[in-house]
Amino acid sequence: MPRTAVQITLTPAEREQLERNVKSQTVERRLFLRSKIVLMSAEGKECIQIAEQLGVSEKTCRKWRSRFAKERMAGLSDLQRSGAPEIFTPEERQEIIRIACEPPKDIRRWTLADIVERVREKFGREFSVETIRLILRSADAGSTGCVIKRHKNAIVK
């Protein structure tokens, strides 16, 4: 059974926005392609023709044509991705920053390895050194009142 393509009819505002996306020099490549697919679909072209002209797969063309038909302009945006779950709660992140901001008791100066060791003891679980580095890097020194010293083998570069 042959596939029938979804018919696309554009409002003047949609056509204007899609044409702006296609002509813009700063629009992302993927939005350019999606807009071009929809515009060509509105001209009555088949997915196989569009795919050939734009160098994409026919499946890609059908996907964006269908998404536009269902959701209109909002359908051209990427779907939200879930990503990996956070390792630390916001309260635990604040505690990590607090640990890094207090002067160390048994050493002269904190290193990232020292902070990681202290945090592992405190929370009793494993995580990467990079996780702690990113938490400390994202900390705004102005809001925490803490200045994390940076030196050759230590914190956030």
Side-chain angles (χ1 to χ4, degrees), residues 3 5-6 8 14 17-41 47-48 50-157:
R3 292 188 177 114
V6 178
I8 301 291
E14 289 171 337
Q17 181 61 52
L18 292 167
E19 287 174 352
R20 218 177 307 133
N21 291 346
V22 168
K23 291 176 184 173
S24 174
Q25 293 184 7
T26 58
V27 74
E28 291 180 344
R29 173 99 175 125
R30 58 188 167 193
L31 183 56
F32 166 84
L33 277 173
R34 294 168 190 175
S35 298
K36 193 75 173 156
I37 288 168
V38 173
L39 284 169
M40 292 173 84
S41 297
C47 279
I48 194 162
I50 296 169
E52 197 173 280
Q53 283 185 334
L54 297 179
V56 297
S57 71
E58 191 177 343
K59 181 180 176 184
T60 298
C61 180
R62 282 192 309 271
K63 172 185 178 177
W64 294 111
R65 188 177 192 149
S66 296
R67 286 253 309 255
F68 182 84
K70 288 179 190 165
E71 303 172 39
R72 307 311 289 180
M73 292 301 288
L76 299 183
S77 300
D78 286 334
L79 296 175
Q80 191 69 17
R81 289 184 169 83
S82 62
E86 288 289 331
I87 295 174
F88 294 105
T89 66
E91 294 78 22
E92 289 173 330
R93 293 171 69 88
Q94 286 300 316
E95 180 64 15
I96 292 166
I97 294 166
R98 189 191 62 69
I99 288 170
C101 288
E102 63 188 29
K105 294 175 180 65
D106 49 351
I107 54 176
R108 184 168 169 252
R109 173 183 271 172
W110 283 123
T111 65
L112 183 56
D114 295 327
I115 295 171
V116 168
E117 183 181 323
R118 194 70 49 97
V119 172
R120 282 183 178 150
E121 289 170 9
K122 172 127 180 107
F123 295 110
R125 60 183 191 253
E126 284 298 311
F127 45 82
S128 72
V129 172
E130 182 68 1
T131 299
I132 301 302
R133 189 188 72 77
L134 290 173
I135 289 171
L136 296 176
R137 185 174 186 208
S138 71
D140 177 16
S143 67
T144 61
C146 167
V147 177
I148 300 171
K149 303 275 187 198
R150 290 180 172 89
H151 59 88
K152 163 168 99 162
N153 297 328
I155 315 255
V156 268
K157 293 189 177 183

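Reckoned from all heavy atoms, side chains included, excluding hydrogens, waters and symmetry mates.
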Exercise for the section: Run the numbers on Asn21 and Phe32 for side-chain contact (heavy atoms from CB on, under 4.5 Å), then give the verdict. Expected result: CA-CA 6 Å; Asn21 291 346; Phe32 166 84; over 6 Å; no
Problem - Qualifying residues under salt bridge (Lys or Arg N to Asp or Glu O under 4.0 Å), relative to Arg125, sequence neighbours excluded - result: Glu92
Problem - Distance, nearest 0.5 Å, that separates CZ of Phe68 from CD of Glu14 - result: 4.0 Å
Practice task
Quick one: pull up CG in Leu18 and CG in Leu76 and give me the separation to the nearest 0.5 Å.
Solution key: 6.5 Å
Exercise for the section: Using modelled atom types only, decide if a donor and an acceptor are shared between the side chain of Arg133 and the backbone of Ser128 within a distance under 3.5 Å. Expected result: no
Exercise for the section: Check whether any side-chain heavy atom of Arg65 sits under 4.5 Å from a side-chain heavy atom of Arg62, and report yes or no. Expected result: no
Handout entry: Pairwise side-chain contact, Trp110 with Ile99, heavy-atom cut-off 4.5 Å (strictly under)
Key = yes
Problem - CD1-CG distance between Ile115 and Leu136, expressed to the nearest 0.5 angstrom - result: 5.0 Å
Problem - Short N-O contact, Glu117 and Arg120, less than 4.0 angstrom - result: no
Practice task
Would you mind reporting whether Trp64 and Val56 have side-chain heavy atoms less than 4.5 Å apart?
Solution key: no
Handout entry: Enclosure of Glu71 CD (heavy-atom neighbours >12, cutoff 6.0 Å)
Key = yes
Completion exercise
In short, Leu112 meets Val129 closest at the heavy-atom pair CD2-CG1, 3.5 Å
Practice task
Give a yes or no answer on whether the side chain of Ser138 reaches the backbone of Ile135 with a donor-acceptor pair at less than 3.5 Å.
Solution key: yes
Handout entry: Interatomic spacing from NZ in Lys63 to CD in Glu58 - rounded to 0.5 Å
Key = 15.5 Å
Handout entry: Met73 side, atom CE; Ser35 side, atom OG - distance, nearest 0.5 Å
Key = 6.0 Å
Exercise for the section: Quick one: list whatever passes salt bridge (Lys or Arg N to Asp or Glu O under 4.0 Å) with Glu91, sequence neighbours left out. Expected result: none
Problem - Close side-chain approach of Glu102 and Arg98, heavy atoms under 4.5 Å - result: yes
Fill in the blank from the handout: Exactly one candidate in Ile48, Ile50, Val38 meets side-chain contact (heavy atoms from CB on, under 4.5 Å) with Cys61; the answer is Ile50
Fill in the blank from the handout: Rounding to 0.5 Å, atoms CZ (Arg93) and CG (Leu134) come to a distance of 8.5 Å
Handout entry: Residue list, salt bridge (Lys or Arg N to Asp or Glu O under 4.0 Å) with Glu28, at least two apart or on another chain
Key = Arg30
